[in-house]
Each structure stands twice: as structure tokens, then as C-alpha cells.
Amino acid sequence: MNIFRLCGDMAHLSSIMLLLLKIHGMQSCQGISLKTQELYALVFFTRYLDLFTNYVSLYNTLMKLVFLIATFSIVYRMRYDKVIKVTYERESDSFPRHVSLVVPCLLLAVINHNYGLLMILWAFSIFLEAVAALPQLILLQQTRKIDKITANYVVLLGSYRAFYILNWIYRYFTEPIWIPAFVWVSGLVQTGIYCVFFWNCRHSSVKVKEKSSCSDPRVSCNRGCQRGSSAS
């Protein structure tokens, strides 16, 4: 364990905790892409299949469990919670994730890795994580307004990946390990996607909202307070 990996893990954990704060505390998932959360759930599920067969450390096991439970909890509440699912911006979250992301990543993993099912699924999770945030970033570009929690969530995700690249560089020079080239490439692609998004935000009309324009946080601002008033 080095400081770069620890910082990366804490940034990643903080990003998930922010989402849980928004969903469970504010009873809203406005601005959050369900498709990205489902992709991350698939990433964690396929990557952590060795959870109970390959023990590394208590820290490693606990982090895996937290990421799995928290991400599946987010997906479940966005899909099935009667209050929260009303705030989901389904029309804006329209990226074709299966055809554009899941299938190509699976084909890449199968073609390039013939080392058994677990290794194929691990490689698939690496490829998919590199692009899993695309639906989220595209949703924010389309809506043009980002609340502070969602903005901080995206920043923390980008920080997590940046710290992990520093972690790989540090380990390359200090430990006798071999990191596959596709892991480096995937990490750089993911970091590049965030850099492009942040650059576009800085030079476009995307704005960070101080607070929702609706008085009821359970109702999406797209449908406005009209739904809230009609419900009452």
C-alpha cells in the first residue's frame, strides 16, 4: 500500500458516499446516470468474483464489499424506490450502453485474453471501467446544469483514476511487478475522458447550481414543481 493508492481509494469511496448522501439523504437522483451506475455494478461484479477465493488483506476485502454493496444499493433505489425513481432523468440518460460499451469491451477481453474465464472477466472489467462514466458525463452535458454534489462526485471519480495512475508509476519503479499494457491504456483513456469533460465544462455553458430551483428535492426540476403540486 502506498500513498497514491490510498488517496485513490479514498477518492473513489468518497464519490460513492456522496451519491448515497444525495439518494438517501435528499431523496433524489437528479443528475445521476442510472446507466453509469449499472455499468459500475457490472464492473465490480466481474472484477471481484475472486472475493472469497483469493484473500489479500482485510482492507482489500472490506473495500470490495463496500463498493459492491453501495453500488448495487444505488442501482436498486434508482430503479425501484417509488420516491427516488420519479427524479431520474430518463430522457437525458439515453446513451446506448450495451451496444456502444458492454459488447465491444467484452469482445476485446475475449480476443486478447485466453487465460480462463476469471481473467477474461477481469480484463472486461478494466476495459468497461475506462468508459463506464460516459453516460454520466453525456447526461450532464445535455442537462447543462450540475448540482454541487454531482459535480463533486465527478471530480472525485476523476481524482481516483489520476491517483491510480500515479500508483502504477510508483509501483513500476519500486516493486518487481508487471502491469499489463491494456491496464495502462485503459487508465489513460479514462483520465482523458474526464479531462475532456472538465475542459468542456470550463469552456461551455455547463453551470454548477447552488441549489435546486424546486422547493421539493424529491421532484426533478425538469418536470418541475408542477408534478409536486399536482400530487398534492
Side-chain angles (χ1 to χ4, degrees), residues 11-46 65-102 128-129 131-158 160 193-194 197-198 200-201 204-232:
H12 198 183
L13 182 62
S14 298
S15 71
I16 294 177
M17 292 301 103
L18 272 181
L19 281 193
L20 290 173
L21 171 65
K22 179 169 184 173
I23 291 174
H24 294 278
M26 299 176 62
Q27 295 289 291
S28 171
C29 65
Q30 182 184 359
I32 304 301
S33 167
L34 174 60
K35 293 185 176 182
T36 280
Q37 296 309 309
E38 289 175 337
L39 290 175
Y40 277 127
L42 184 57
V43 166
F44 296 142
F45 177 76
T46 53
L65 287 172
V66 168
F67 289 144
L68 281 167
I69 294 171
T71 305
F72 276 95
S73 170
I74 290 168
V75 170
Y76 177 82
R77 296 209 65 185
M78 288 182 69
R79 272 196 172 276
Y80 302 111
D81 188 283
K82 292 181 179 179
V83 174
I84 294 171
K85 70 179 183 180
V86 173
T87 66
Y88 171 46
E89 298 170 303
R90 188 180 305 275
E91 295 80 7
S92 298
D93 193 20
S94 57
F95 189 87
R97 65 196 184 284
H98 293 117
V99 175
S100 300
L101 301 179
V102 176
L128 186 59
E129 186 183 17
V131 293
L134 276 175
Q136 176 68 66
L137 303 182
I138 291 172
L139 184 153
L140 295 178
Q141 286 280 39
Q142 290 178 347
T143 57
R144 293 292 177 183
K145 289 185 178 181
I146 313 173
D147 62 80
K148 281 190 173 182
I149 291 180
T150 306
N152 289 330
Y153 164 70
V154 174
V155 170
L156 285 168
L157 277 182
Y160 145 69
I193 289 172
Y194 283 110
F197 173 76
F198 294 141
N200 285 339
C201 285
S204 70
S205 58
V206 176
K207 303 296 182 183
V208 176
K209 298 184 293 183
E210 291 294 327
K211 60 181 179 179
S212 172
S213 59
C214 295
S215 60
D216 188 349
R218 296 173 298 175
V219 181
S220 70
C221 291
N222 284 347
R223 290 168 193 139
C225 302
Q226 300 156 335
R227 179 173 294 188
S229 60
S230 64
S232 62

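None of the values given here were measured: they were computed from a predicted structure.
A search for side chain to side chain donor-acceptor pair (under 3.5 Å) contacts involving D81 returns R77, not counting sequence neighbours. With sequence neighbours left out, Y160 forms a ring-ring contact (aromatic ring centres under 6.0 Å, His included) with H12, Y164. With sequence neighbours excluded, the residues forming a side chain to side chain donor-acceptor pair (under 3.5 Å) with Q37 are Y153, listed by chain and number.
Minimum heavy-atom separation, T36 to A132: OG1-O, 2.9 Å. Closest of all the heavy-atom pairs between E129 and V43 is N-CG2, 3.7 Å. When all heavy atoms of S15 and L157 are compared, the closest pair comes out as OG-CD2, 3.7 Å. Annotation for I84 and T87: closest pair O-OG1, 2.7 Å, computed over non-hydrogen atoms.
For the salt bridge (Lys or Arg N to Asp or Glu O under 4.0 Å) condition, the pairs that include at least one residue of residues 28-39, sequence neighbours left out, are E38-R79, E38-R97. The salt bridge (Lys or Arg N to Asp or Glu O under 4.0 Å) pairs that include a residue from residues 11-26 are K22-D147, where partners are two or more places apart or lie in different chains.
Panel note: side chain E89, backbone G31; a donor-acceptor pair is recorded below 3.5 Å.
For the pair L101/P135, a side-chain contact is recorded, criterion being any heavy-atom separation below 4.5 Å from C-beta on.
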Set out, in order, the CA-CA distance, both residues' side-chain angles and the distance that settles side chain to side chain contact (heavy atoms under 4.5 Å, CB included) for T150 and Q136, then state yes or no. CA-CA 10 Å; T150 306; Q136 176 68 66; 4.1 Å; yes
Under the criterion side chain to side chain contact (heavy atoms under 4.5 Å, CB included), I'd like the reasoning laid out for V154 against Y194: C-alpha separation, chi angles, the key distance, then a yes or no. CA-CA 8 Å; V154 174; Y194 283 110; 4.2 Å; yes
Test side chain to side chain contact (heavy atoms under 4.5 Å, CB included) on I16 and Y40; report intermediate values, then the result. CA-CA 11 Å; I16 294 177; Y40 277 127; over 6 Å; no
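Among L34, V131, L128, the single residue meeting the side chain to side chain contact (heavy atoms under 4.5 Å, CB included) criterion with L39 is L128.
Note that the CZ atom of R90 and the OG atom of S33 stand 11.5 Å from one another [nearest 0.5 Å]. Taking CD from Q142 and CG from L137, the interatomic distance works out to 11.5 Å, rounded to the nearest 0.5 Å. A distance of 9.0 Å separates CG in L19 from CD1 in I149, rounded to the nearest 0.5 Å. Taking OG of S92 as the reference point, atom CG of L139 lies at 5.5 Å (rounded to 0.5 Å).
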Can you give the donor-acceptor pairs under 3.5 Å from side chains of residues 68-76 to other protein atoms, not counting sequence neighbours?
from	atom 1	to	atom 2	distance (Å)
T71	OG1	F67	O	2.7

